[in-house]
Trainee: 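Please read through the structure below; I'll follow up with questions.
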Amino acid sequence: MEVAKPIIRKIDDTPESLKIFEEDLCSYSDENVQEIITSYPTVYIHNWKESDEYEVYIGESNNVIQRTRQHYETGLYNANSWQNRIIGKSAALYIIGHEHFNKSMTLDVENRLMHYMLSVPKVRKVHNLRGNPQNHYYPMEELDRIFSKIWRGLRKDNKDLFPTESMIHDSAIFKASPLHKLTKEQLQARDKIIERVKMALSIGAAGQLIFVEGEAGTGKTVLNSSTFYEICCLAEENGLDDLRCNLIINHDEQITVYEQIAEKLGLTDKYGEVVSKPTRFINTHSPNNPVDIAFVDEAHLLWTQGKQSYRGDNQLQDIIERARVTVVMFDENQILTTEQFWESQILDKYREEAKKNKN
């Protein structure tokens, strides 16, 4: 069944242009367009250029006119807000409506737009925190078709800001993004990990290990990046600006991807270096001043003997000593080289340590 075309309107991102848009909407001859923009939930994209790259904020609202005015007011009294950054810039605002939009669908469209925009080469920063992806709703089965029509409509106006969907899906950032919509099992695992992290930090525990096992293809990397980012968002929402959270990546090609993600989501600006390789993390942190949480992707690739600039004999143990809580993603089937010589008794020791603490 064919779905209707979305309604996409682009205006200059200023209070004056918003007022004109509202007046024009009230006198618009197509009552269907009026109703969809004024009475249905809508999605919107603020975007502006910094040098040759874009910064964006994506939102959804039941009253886009009122919500946009609130953003403008925030920009006037909060110099550190993203809303302040659009003042005096050649900023644009896209307002997106559809006759089948309800609250759940607009939240899903907002989340997918954030995921896509994070992956666009010309986007330097996405100013949102995390999205709020939905589970089941009507008409969820139309989401993919409606979203593709929205993206194609946006692409007609700006091909730099909205490249092809295939280009987005092929990008390394898209595949590693913490903004993926998680499966039910991944959400349950993320909630358990966060619960155990909170408990360990609340009692002042040190050297805690949370051990997550799964074979290749089970979604450990997405779970890891999503949990890391969710904890960063929770810290910001609760005013915990001093929380020290690090993501440790083993692959050379992946480290650059995660550094780009951290920069685009504003984590680097806020916390400094939050992504590093194991040896760098060990060499730049001390057991006397541990970080709060270290997330280790593909911990089966960690070394169990000295090599190159690493002078220790067990990278995992060194990381545990430098973090109050260490979360590791482990796949025993991918232990391949002598530097990763995980003897069964060493591996069992960490497993048992995690089990003892119900982790």
Side-chain angles (χ1 to χ4, degrees), residues 8-14 17-18 43-60 68 71-72 74-75 78-96 109-131 147-148 150-180 225 228-229 232-233 236 247 249 252-276:
I8 302 174
R9 297 291 181 269
K10 178 187 178 183
I11 64 172
D12 290 340
D13 204 353
T14 65
S17 293
L18 182 69
V43 180
Y44 57 89
I45 305 170
H46 294 272
N47 65 96
W48 62 98
K49 268 194 169 183
E50 296 284 351
S51 301
D52 193 38
E53 295 178 308
Y54 291 90
E55 297 192 14
V56 300
Y57 178 88
I58 299 117
E60 60 81 35
T68 305
H71 283 317
Y72 292 150
T74 300
N78 186 347
N80 295 318
S81 64
W82 67 262
Q83 292 93 333
N84 182 265
R85 297 172 71 90
I86 66 176
I87 298 174
K89 300 268 192 340
S90 296
L93 171 64
Y94 293 96
I95 297 172
I96 305 160
V109 170
E110 175 194 36
N111 189 75
R112 191 174 295 186
L113 280 170
M114 288 165 55
H115 191 180
Y116 272 43
M117 301 305 280
L118 185 70
S119 311
V120 174
K122 280 282 189 179
V123 171
R124 62 178 284 183
K125 187 169 290 185
V126 177
H127 284 270
N128 298 70
L129 285 176
R130 65 199 180 293
F147 185 87
S148 287
I150 290 170
W151 192 261
R152 287 197 296 271
L154 293 167
R155 178 167 162 74
K156 283 179 183 176
D157 182 72
N158 189 331
K159 289 181 170 55
D160 282 340
L161 189 55
F162 307 103
T164 62
E165 282 195 85
S166 60
M167 183 182 295
I168 294 286
H169 291 165
D170 288 341
S171 79
I173 288 179
F174 181 85
K175 293 169 183 174
S177 169
L179 301 178
H180 276 282
S225 66
F228 165 77
Y229 186 54
C232 290
C233 291
E236 183 164 334
L247 184 60
I249 305 295
D252 287 334
E253 59 272 22
Q254 285 293 89
I255 191 80
T256 303
V257 171
Y258 281 102
E259 285 172 344
Q260 290 175 333
I261 290 173
E263 288 172 8
K264 289 190 175 202
L265 290 173
L267 298 179
T268 307
D269 288 344
K270 190 172 182 62
Y271 300 108
E273 184 180 81
V274 295
V275 179
S276 58

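Source: prediction; values computed, not measured.
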Trainee: Heavy atoms only: give me the nearest Pro178-Ser225 pair and the separation to one decimal.
Mentor: CB-O, 3.4 Å

Trainee: State which residues pass side chain to side chain donor-acceptor pair (under 3.5 Å) with Glu263; sequence neighbours excluded, sorted by chain then number.
Mentor: none

Trainee: At their closest point, which heavy atom of Tyr72 faces which heavy atom of Thr14, and how far apart are they?
Mentor: OH-N, 3.1 Å

Trainee: Give, for atom NZ of Lys10 and atom OG of Ser17, the distance between the pair rounded to the nearest 0.5 Å.
Mentor: 11.5 Å

Trainee: Does the side chain of Asn47 reach to within under 4.5 Å of the side chain of Tyr94, using non-hydrogen atoms?
Mentor: yes

Trainee: If you define the side chain from C-beta out and look only at heavy atoms, does anything of Lys125 sit under 4.5 Å from Glu53?
Mentor: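 No - every pair of side-chain heavy atoms lies 4.5 Å or more apart.
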
Trainee: Write down the atom of Ala262, the atom of Val274, and the distance for their closest heavy-atom approach.
Mentor: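 So the minimum-distance heavy-atom pair works out to CB-CG2, 3.9 Å.
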
Trainee: Ring centres under 6.0 Å, that's the criterion: do Tyr54 and His46 meet it?
Mentor: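 They do not qualify: ring centres at least 6.0 Å apart.
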
Trainee: Quick one: list whatever passes side chain to side chain contact (heavy atoms under 4.5 Å, CB included) with Ala176, sequence neighbours left out.
Mentor: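 By the side chain to side chain contact (heavy atoms under 4.5 Å, CB included) rule, Ala176 matches Gln254, Val257, Tyr258, Ile261.
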
Trainee: Show, in sequence, the C-alpha distance, side-chain angles and deciding distance for Leu93 and Arg9, and conclude whether the side chain to side chain contact (heavy atoms under 4.5 Å, CB included) test is met.
Mentor: CA-CA 8 Å; Leu93 171 64; Arg9 297 291 181 269; over 6 Å; no

Trainee: Please evaluate residues Arg130 and Tyr229 with respect to the criterion side chain to side chain contact (heavy atoms under 4.5 Å, CB included), reporting the C-alpha separation (whole Å), side-chain torsions for both, the decisive distance (0.1 Å), and the verdict.
Mentor: CA-CA 8 Å; Arg130 65 199 180 293; Tyr229 186 54; 4.1 Å; yes

Trainee: Between Ile45 and Leu161, does a side chain to side chain contact (heavy atoms under 4.5 Å, CB included) hold up when you go through it step by step?
Mentor: CA-CA 11 Å; Ile45 305 170; Leu161 189 55; 5.6 Å; no

Trainee: Could you walk me through whether Asn128 and Glu110 satisfy the side chain to side chain contact (heavy atoms under 4.5 Å, CB included) test, starting with their C-alpha distance in whole Å, then the side-chain angles of each, then the deciding distance to 0.1 Å, before giving a yes or no?
Mentor: CA-CA 10 Å; Asn128 298 70; Glu110 175 194 36; 4.2 Å; yes

Trainee: What's the separation between atom NZ in Lys49 and atom CG in Asp160, rounded to the nearest 0.5 Å?
Mentor: 6.5 Å

Trainee: Within the 4.5 Å heavy-atom criterion, are Ile58 and Tyr116 side-chain neighbours or not?
Mentor: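 Not in contact.
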
Trainee: Using atom types as modelled and distance alone, determine if a side-chain donor or acceptor of Lys89 lies under 3.5 Å from a backbone N or O of Asp13.
Mentor: no

Trainee: So do Lys156 and Ile8 actually touch side chain to side chain, heavy atoms under 4.5 Å?
Mentor: no

Trainee: Is the shortest distance from a Lys or Arg side-chain nitrogen in Asp170 or Lys175 to a carboxylate oxygen in the other one below 4.0 Å?
Mentor: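 Between Lys175 and Asp170 there is no salt bridge, as every charged N stays at least 4.0 Å from the carboxylate O atoms.
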
Trainee: Between His71 and Tyr57, what is the ring plane arrangement, given parallel below 30°, perpendicular above 60°, and tilted in between?
Mentor: perpendicular

Trainee: Is Arg155 reaching over with its side chain to a backbone N or O of Phe162, donor-acceptor style, under 3.5 angstrom?
Mentor: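 Yes, the answer is positive, given that a donor and an acceptor are paired below the 3.5 Å cut-off.
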
Trainee: Is there a side-chain contact between His115 and His180, using heavy atoms and a 4.5 Å cut-off?
Mentor: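 The answer is yes; the side chains approach within 4.5 Å.
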
Trainee: Which heavy-atom pair separates Ser119 from Lys264 by the least distance, and what is that distance?
Mentor: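 Heavy-atom minimum between the residues: C-NZ, 4.3 Å.
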
Trainee: On a heavy-atom basis, which atom in Ala91 and which in Trp48 lie closest, and how many Å separate them?
Mentor: CB-CB, 3.8 Å

Trainee: At what distance, to the nearest 0.5 angstrom, does OG1 of Thr268 lie from CD of Glu259?
Mentor: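 Taking OG1 in Thr268 and CD in Glu259, the distance rounds to 8.0 Å.
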
Trainee: Determine whether a donor-acceptor pair (N or O, by modelled atom type, separation under 3.5 Å) exists between the side chain of Thr256 and the backbone of Glu253.
Mentor: no

Trainee: Could you grab the distance from atom CG of Leu129 to atom SG of Cys233, nearest 0.5 Å is fine?
Mentor: 4.5 Å

Trainee: If we only count heavy atoms from C-beta on, is the Ile255 to Val275 side-chain gap below 4.5 Å?
Mentor: yes

Trainee: Does any non-hydrogen side-chain atom of Phe147 lie less than 4.5 Å from one of Leu113?
Mentor: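 A side-chain contact under 4.5 Å exists here.
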
Trainee: What's the spacing between Cys232 SG and Glu236 CD if we round to 0.5 Å?
Mentor: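 Interatomic distance, Cys232 SG to Glu236 CD, rounded to 0.5 Å: 9.0 Å.
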
Trainee: To the nearest 0.5 angstrom, please state how far the CZ atom of Arg124 sits from the OG atom of Ser51.
Mentor: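 The CZ atom of Arg124 sits 6.0 Å away from the OG atom of Ser51.
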
Trainee: Side chains of Leu118 and Val123, heavy atoms from C-beta outward: is any pair under 4.5 Å?
Mentor: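 No, every pair of side-chain atoms sits at 4.5 Å or beyond.
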
